[in-house]
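Only one structure is covered here, and it is reproduced in the block below.
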Amino acid sequence: MKITITVTSILLFTTHFIHAQTVAEGKVYETYDNIIGVENTGLFNGTEFTDLFLNTNGTYRYFKGYDYVRGAVSYNGEFYSNVLLKYDLLEDNLITHSEGKLSVFNVKLFPDFVTSFSIYNRNFVKLVDINLPLPGNGFFEEAYLGNQFKLYIKHSKRKKDKALNSGVQYQFSINNYYLLKVGGNYMVINSIKDLRRALPEREDDIRKYYKSYKKLYKSNPDNFMIKLITHIEGLSKPSKI
């Protein structure tokens, strides 16, 4: 018996899943992409990406690792889950990878189309209301979202060239900074001194915390900043009577 699959039947099938209460939203989108084929969706609306700096000393330009990992992205008004992603920290771009049997290529997503994405269980957003002359495409990790304070991490890397007899070798190093949002204002935080200037009323608390957790600041500054802002937020809450 010949079976014909039409676009209408596919859409009806997908709609059934969307309205099923037992299916999670991300799984619905993943099911749709599997049926249609993710390469036939709008996710691959971008430009081909080629890494020109492969000869390295073992470091890499990407977030957490060189290889693609499974993640999710909101792109041009559509949500895509369980897709291959990696985040280029050198040029602040999100890259995806085709899985087709007939072709394999890397696609750099258009930054203006990316609203948010998650990778390595970390959530990133594109901040469009910063009103600060910052480099990059505006992607920040949501590190802490409190009632009074919101902390964002700007993950980035710098490149250093080293001339060898065999050619040029590249080395990448972390060059992160932070954005602290208080009320409707964003402030760039590059150091503990910047944080004290941003929150002068908490200067003594910041000094005490830094003195107690100086080792954490040196070994894992991102974790230190999250814990510090969480601590300050707790101090700012009114005491219960």
Side-chain angles (χ1 to χ4, degrees), residues 43-44 46-73 75 83-99 104-127 130 132-144 151-180 186 188-195 214-228:
L43 182 62
F44 286 85
T47 58
E48 188 171 1
F49 172 79
T50 302
D51 191 344
L52 300 178
F53 309 117
L54 294 176
N55 185 26
T56 74
N57 63 342
T59 58
Y60 39 83
R61 61 192 287 178
Y62 308 101
F63 178 69
K64 290 292 185 181
Y66 177 83
D67 295 329
Y68 284 93
V69 296
R70 295 288 173 179
V73 56
Y75 188 62
V83 293
L84 293 174
L85 298 172
K86 60 180 174 180
Y87 179 23
D88 175 20
L89 301 185
L90 183 65
E91 298 180 347
D92 200 24
N93 286 308
L94 190 63
I95 303 166
T96 189
H97 178 69
S98 71
E99 298 181 87
V104 177
F105 54 93
N106 305 299
V107 175
K108 179 173 66 177
L109 302 183
F110 292 121
D112 289 344
F113 289 177
V114 178
T115 305
S116 62
F117 62 93
S118 60
I119 188 172
Y120 292 100
N121 293 318
R122 311 277 278 273
N123 297 322
F124 294 80
V125 293
K126 182 178 178 65
L127 297 178
I130 300 176
L132 293 172
L134 300 177
N137 291 317
F139 300 134
F140 290 82
E141 180 187 354
E142 295 178 316
Y144 176 79
L151 180 69
Y152 301 89
I153 303 175
K154 181 58 198 174
H155 293 276
S156 64
K157 287 189 176 182
R158 61 166 67 97
K159 177 177 67 71
K160 184 178 180 180
D161 302 352
K162 183 178 180 180
L164 302 176
N165 292 333
S166 57
V168 178
Q169 184 184 74
Y170 305 103
Q171 177 180 346
F172 299 96
S173 58
I174 294 174
N175 187 35
N176 294 353
Y177 65 88
Y178 309 92
L179 277 187
L180 181 66
Y186 290 93
V188 177
I189 307 296
N190 281 302
S191 65
I192 294 297
K193 183 181 292 185
D194 288 343
L195 185 60
K214 188 182 296 185
K215 289 184 179 180
L216 178 61
Y217 178 73
K218 293 181 178 180
S219 63
N220 193 334
D222 292 349
N223 193 25
F224 172 89
M225 289 296 295
I226 294 171
K227 290 181 178 294
L228 174 54

For the atom pair [atom1] ([X]) and [atom2] ([Y]), what is the distance rounded to the nearest 0.5 Å?
{"X": "I189", "Y": "L228", "atom1": "CD1", "atom2": "CG", "result": "10.0 Å"}
{"X": "Y217", "Y": "N223", "atom1": "OH", "atom2": "CG", "result": "13.5 Å"}
{"X": "L89", "Y": "F63", "atom1": "CG", "atom2": "CZ", "result": "7.0 Å"}
{"X": "N137", "Y": "K126", "atom1": "CG", "atom2": "NZ", "result": "5.5 Å"}
{"X": "T50", "Y": "I95", "atom1": "OG1", "atom2": "CD1", "result": "10.0 Å"}
{"X": "F140", "Y": "Y177", "atom1": "CZ", "atom2": "OH", "result": "4.0 Å"}

Under the salt bridge (charged side-chain N to carboxylate O under 4.0 Å, His left out) rule, what pairs show up with a residue in [range], not counting sequence neighbours?
{"range": "residues 132-143", "value": "R122-E141"}
{"range": "residues 63-73", "value": "R70-E99"}
{"range": "residues 47-60", "value": "D51-R61"}

Taking side chain as C-beta onward, heavy atoms only, is [X] less than 4.5 Å from [Y]?
{"X": "Y170", "Y": "L52", "result": "no"}
{"X": "L180", "Y": "M225", "result": "no"}
{"X": "L179", "Y": "L134", "result": "yes"}
{"X": "L151", "Y": "I226", "result": "yes"}
{"X": "L109", "Y": "L43", "result": "yes"}

(request) Heavy atoms only: give me the nearest L94-V114 pair and the separation to one decimal. (result) CD2-CG1, 4.4 Å

(message) Can you give me the closest heavy-atom contact between I119 and K86, atom names plus distance?
(response) CD1-CA, 3.8 Å

(request) Using the side-chain contact (heavy atoms from CB on, under 4.5 Å) rule, take D194 and V188 through it: C-alpha gap first, then chi angles, then the decisive distance, then the call. (result) CA-CA 8 Å; D194 288 343; V188 177; 5.8 Å; no

(message) Using the rule given for side-chain contact (heavy atoms from CB on, under 4.5 Å), can you reason through L127 versus Y186, listing the C-alpha separation, both sets of side-chain angles and the distance that settles it, and then say yes or no?
(response) CA-CA 10 Å; L127 297 178; Y186 290 93; 4.0 Å; yes

(message) Between V69 and L85, does the side-chain contact (heavy atoms from CB on, under 4.5 Å) criterion hold? Intermediate values first, please.
(response) CA-CA 6 Å; V69 296; L85 298 172; 5.7 Å; no

(request) Mark yes or no for whether Y75, through its side chain, and F110, through its backbone, hold a donor-acceptor pair below 3.5 Å. (result) yes

(request) State whether the side chain of S156 and the backbone N or O of N175 hold a donor-acceptor pair below 3.5 Å, judged by distance alone. (result) yes

(request) Could you tell me if the ring centre of Y120 sits under 6.0 Å from that of Y87? (result) no

(message) For a ring pair (Phe, Tyr, Trp, His ring centres under 6.0 Å) check, start with the C-alpha distance between Y66 and Y60, then their side-chain angles and the critical distance, and finish with the verdict.
(response) CA-CA 6 Å; Y66 177 83; Y60 39 83; 7.5 Å; no

(request) Using the test salt bridge (charged side-chain N to carboxylate O under 4.0 Å, His left out), find all partners of K154 that sit at least two apart in sequence or belong to another chain. (result) D92

(message) Go through it in stages, so that I can follow the logic: the residues are D161 and K159, the test is salt bridge (charged side-chain N to carboxylate O under 4.0 Å, His left out), and I'd like the CA-CA distance, side-chain angles, deciding distance and then a yes or no.
(response) CA-CA 7 Å; D161 302 352; K159 177 177 67 71; 2.9 Å; yes

(message) Checking Y68 against N106: is there a side-chain donor and acceptor pair closer than 3.5 Å?
(response) yes

(request) Mind checking side-chain contact (heavy atoms from CB on, under 4.5 Å) for T59 and listing every partner two or more places apart, or none if nothing turns up? (result) T56, N57, Q171, F172

(request) Name all residues meeting the side-chain contact (heavy atoms from CB on, under 4.5 Å) criterion together with I174; count only those two or more places apart in sequence or in a different chain, and write none if there are none. (result) K157, N176

